[in-house]
Amino acid sequence: MLDIKLLRECPAQLAANLVDRRVWIFDDLTSEVEGWAEATIARLAELDQTYLGLLREQEELRRQQNETSAAMKRVGKLPKAEQAAARGPLVEKGRELRAREQELGESASAAQATRDEAWGRVPNLTHPEVPRGADEHTELSRWGSPRDFEAEGFSEPPRDHLSIAESLDLVDFASGAKVAGQKFYYLKNDAVLLDLALQHFALGVAREHGFILHTTPDLARVEILQGLGFNPRGESTQVYSIADSDLCLVGTAEITLGGMFADSILELDKLPLLVAGLSHCFRTEAGSAGQESRGLYRVHQFTKVELFAFTTAEGDESEALHKRMLAIEEGIFQALELPYRVLDIASNDLGGPAYRKFDIEAWMPGRGDYGEVTSTSNCLDYQARRLKIRYRPASEGKAKAKPKYVHMLNGTAVATSRALVAILENHQQADGSVSIPAVLRPWVGKDRIVPVAGA
RNA sequence: GGAGGAGUGGCCGAGUGGUCGAAGGCAACGGACUUGAAAUCCGUCGUGCCCUCCCGGGUACCGUGGGUUCGAAUCCCACCUCCUCCGCCA
């Protein structure tokens, strides 16, 4: 959620941002309508003014109520004989004020709810360097180069991870579908160790960079999800909800890590506060299909080590940290010996809370293209505002400084399913085996995965 | 799952219907003392929102949401969380 003051002070900037993000707030004001963005902001401003007007009226009535109570208190000091006569009209007035105040209060909170619901859907501002548009992501860098399988003597084109995994007996989608539905799966044999090795490795890297390690709940309250900008109730939601409760399965530990410090004031000397979390991630993946969803690439459940950071709002501290988080992610994929490219994601593709997002896409020989394996976003104070996570800046002069909202950043250390896709495809050998990246060998206990005898 | 107890400012903690935005302490900040520091002493010190001629004024907030009352931190109900005991269990 953005600061509502922006609506009153910078309406033009907000309208321009809606265009950049291609996000509409009201169903009748989509990009097909001329001047939709300005009209959207104007309507938001109107909702805001309606609420403020009602609020002022309500506060005036409350002031009168308080006045009446104070008068009643003074009645107690009158001579006993006069008290009853003095009390009567005041009780009457108090009753009347209460009735009016309650009625007005209902209109005021309804108006506030309407405003907040719409305002909450307004996306974060966008970093000036972010490319504007749909798919015009800026490629910031590339590392490594895709293998030339033909030159290496492969008689056939490289296989995709699903075919490799099946031939090495590493995955069982059929049983997954039987037990939990399509896009659920069992990992088997060395894939289990590989999956754990990736978690162990990523957690080690996170700790080396000063992140406090956590395992987190895999469920969270709706309220926390919303605080982080997730919409568990929308029609195109990615989130599983638990029936008859206010709980959801988390789609990422970003939710549980970000929610940890809701309603608190963090100590300045503890910032930046770096936390990492290992969790399962559950996604409905409603409506997604096709090539991209083959095998482990897009599944309903996977495991992820997530990086999360809370920092001050001073200067470009969060931007510097954002680049640091990207560097950590790059270090992980370099250690896994996976060629990749880094994208500065274009404005249309940014999630609502993100101010800027860098994706790492690893080369995936099976489909002959790059595929997303990590993502790191700087959300500034957008999430902190609704979650009420603040810090107290250093005081200047006499007065104690007012608390400010922290900046919050998140990033993937490793999502094991996607990393498995990249490892299996990039490290496949002509004889059908898969070479294990050196950094993972201690945990897998071998250099390569070879076909199971007799399989 | 059953029975009891508790949730108050950054932290600890008093407060059982109006004199309470809330004692006291800690921490923090400003100052005095000191060569400097510590100690001591004096002072300041919650947050959101609304209005403002920027001096201030109003309103709300004592776990959350309802209710009783002219008036609620205080009484009632529901929920959340924590603690103690019992039961069950990996």
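Throughout, a chain's letter reflects where its sequence line sits, starting with A, and its residues are numbered from 1.
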Distances for protein N or O near nucleotides 67-71 of chain B N or O, under 3.5 Å:
unit_1, atom_1, unit_2, atom_2, d
B:C70, OP1, A:Arg95, NH2, 2.8
B:C70, OP2, A:Arg95, NE, 3.4
B:G71, OP2, A:Arg98, NH1, 2.9
B:G71, O4', A:Ser69, OG, 3.3

Extract from the structure each pairing of a protein N or O with an N or O of nucleotides 72-80 of chain B at less than 3.5 Å, listing the distance.
unit_1, atom_1, unit_2, atom_2, d
B:C80, O3', A:Arg221, NH2, 3.3

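Judged purely by distance below 3.5 Å, without hydrogens or angles, the side chains of A:Glu60 and A:Gln64 pair a donor atom with an acceptor atom. A donor-acceptor contact closer than 3.5 angstrom links the side chains of A:His300 and A:Tyr240. Using modelled atom types and a 3.5 Å distance limit, the side chains of A:Thr252 and A:Lys304 yield a donor-acceptor pair. Side chain to side chain, A:Asn17 and A:Gln13 fail the donor-acceptor criterion of an N or O pair below 3.5 Å. Donor-acceptor pairing under 3.5 Å is lacking for the side chains of A:Thr237 and A:Asn231.
Among all heavy-atom pairs drawn from A:Val444 and A:Leu193, the shortest one is O-CD1, 3.8 Å. Of all heavy-atom pairs spanning A:Pro232 and A:Cys248, the tightest one is CB-SG, 3.8 Å.
Using bins of under 30°, 30° to 60° and over 60° for the plane-to-plane angle, the ring pair A:Phe310/A:Phe261 lands in the perpendicular bin. Note on ring orientation: taking the six-membered ring where Trp is involved, the planes of A:Phe201 and A:Trp443 are tilted (angle from 30° to 60°).
B:C53 and B:G48 are spaced 25 Å apart, taking the C1' atom of each and rounding to whole Å. Comparing B:G9 with B:U74, their P atoms are spaced 15 Å from each other, to the whole Å. Going from the C1' atom of B:U16 to that of B:A73 covers 10 Å, rounded to whole Å. Between B:G7 and B:G63, the two C1' atoms lie 6 Å apart (nearest whole Å). Distance noted for atom P between B:C49 and B:U68: 30 Å (whole Å). When the P atom is used for both B:G10 and B:G46, the distance is 10 Å, rounded to whole Å. Of the P atoms belonging to B:C88 and B:C79, the separation is 26 Å, rounded to the nearest Å. Comparing the same atom, P, in B:C85 and in B:C29 gives a spacing of 41 Å after rounding to whole Å.
In this model, the phosphate group of B:A60 is approached by a side-chain N or O of A:Asn66 to a distance below 4.0 Å at OP1 or OP2. Taking only side-chain nitrogens and oxygens, A:Arg56 never comes nearer than 4.0 Å to OP1 or OP2 of B:U59.
Checked against B:C51, B:G48, B:U19, the side chain of A:Lys402 finds its nearest nucleotide in B:G48. Closest to the A:Arg62 side chain, of the nucleotides B:U47, B:A60, B:C50, is B:A60.
The 12-atom threshold is exceeded at CZ of A:Arg43, counting heavy atoms of other residues, nucleotides or ligands nearer than 6.0 Å. For CD of A:Glu103, the number of neighbouring non-hydrogen atoms (other residues, nucleotides, ligands) closer than 6.0 Å is 12 at most.
Straight-line distance from the CG atom of A:Leu61 to the P atom of B:U59: 12 Å, rounded to whole Å. When rounded to the nearest whole Å, the span between CD of A:Glu267 and C1' of B:A27 equals 9 Å. Counting to the nearest Å, the P atom of B:U59 and the CG atom of A:Leu97 are 13 Å from each other. Remark: C1' of B:G63 and CD of A:Glu223 are 12 Å apart, rounded to the nearest angstrom. Look at CG on A:Leu52: it is 15 Å from C1' on B:U52, rounded to the nearest Å. Between the CZ atom of A:Arg63 and the P atom of B:A60 there is a distance of 11 Å, rounded to whole Å. For A:Gln112 and B:C50, the CD to P distance is 10 Å, given to the nearest whole Å. Counting to the nearest Å, the P atom of B:G48 and the NZ atom of A:Lys404 are 13 Å from each other.
Contacts of A:Arg74 with the nucleic acid, taken as non-hydrogen atoms under 4.0 Å apart, are absent. If you check every strand for non-hydrogen atoms under 4.0 Å, A:Arg8 touches sugar and phosphate atoms only.
Look at B:G4: its Watson-Crick or wobble partner, with both distances under 3.5 angstrom, is B:C83. Look at B:G48: its Watson-Crick or wobble partner, with both distances under 3.5 angstrom, is B:U59. A 3.5 Å limit on both hydrogen-bonding distances identifies B:C26 as the Watson-Crick or G-U partner of B:G10. Across the strands present, B:U69 finds no partner; the criterion is a Watson-Crick or G-U wobble pair with both atom distances under 3.5 angstrom. If you check B:U34 for Watson-Crick or wobble pairing at under 3.5 angstrom, you find it has no partner at all. B:A78 and B:U64 make up a base pair, with Watson-Crick or G-U wobble contacts both under 3.5 Å. Base pairing analysis places B:G17 opposite nothing; no Watson-Crick or G-U wobble pair with both distances below 3.5 Å involves it.
Mapping A:Glu67 and A:Ile265 onto RNA chain B by nearest heavy atom places A:Ile265 at the nucleotide closer to the 5' end. Heavy-atom distances to RNA chain B give each of A:Arg390 and A:Ile4 a nearest nucleotide, and the one nearer the 5′ end belongs to A:Arg390.
A donor-acceptor distance shorter than 3.5 angstrom exists from the side chain of A:Asp218 to the backbone of A:His280, with no hydrogens or angles considered.
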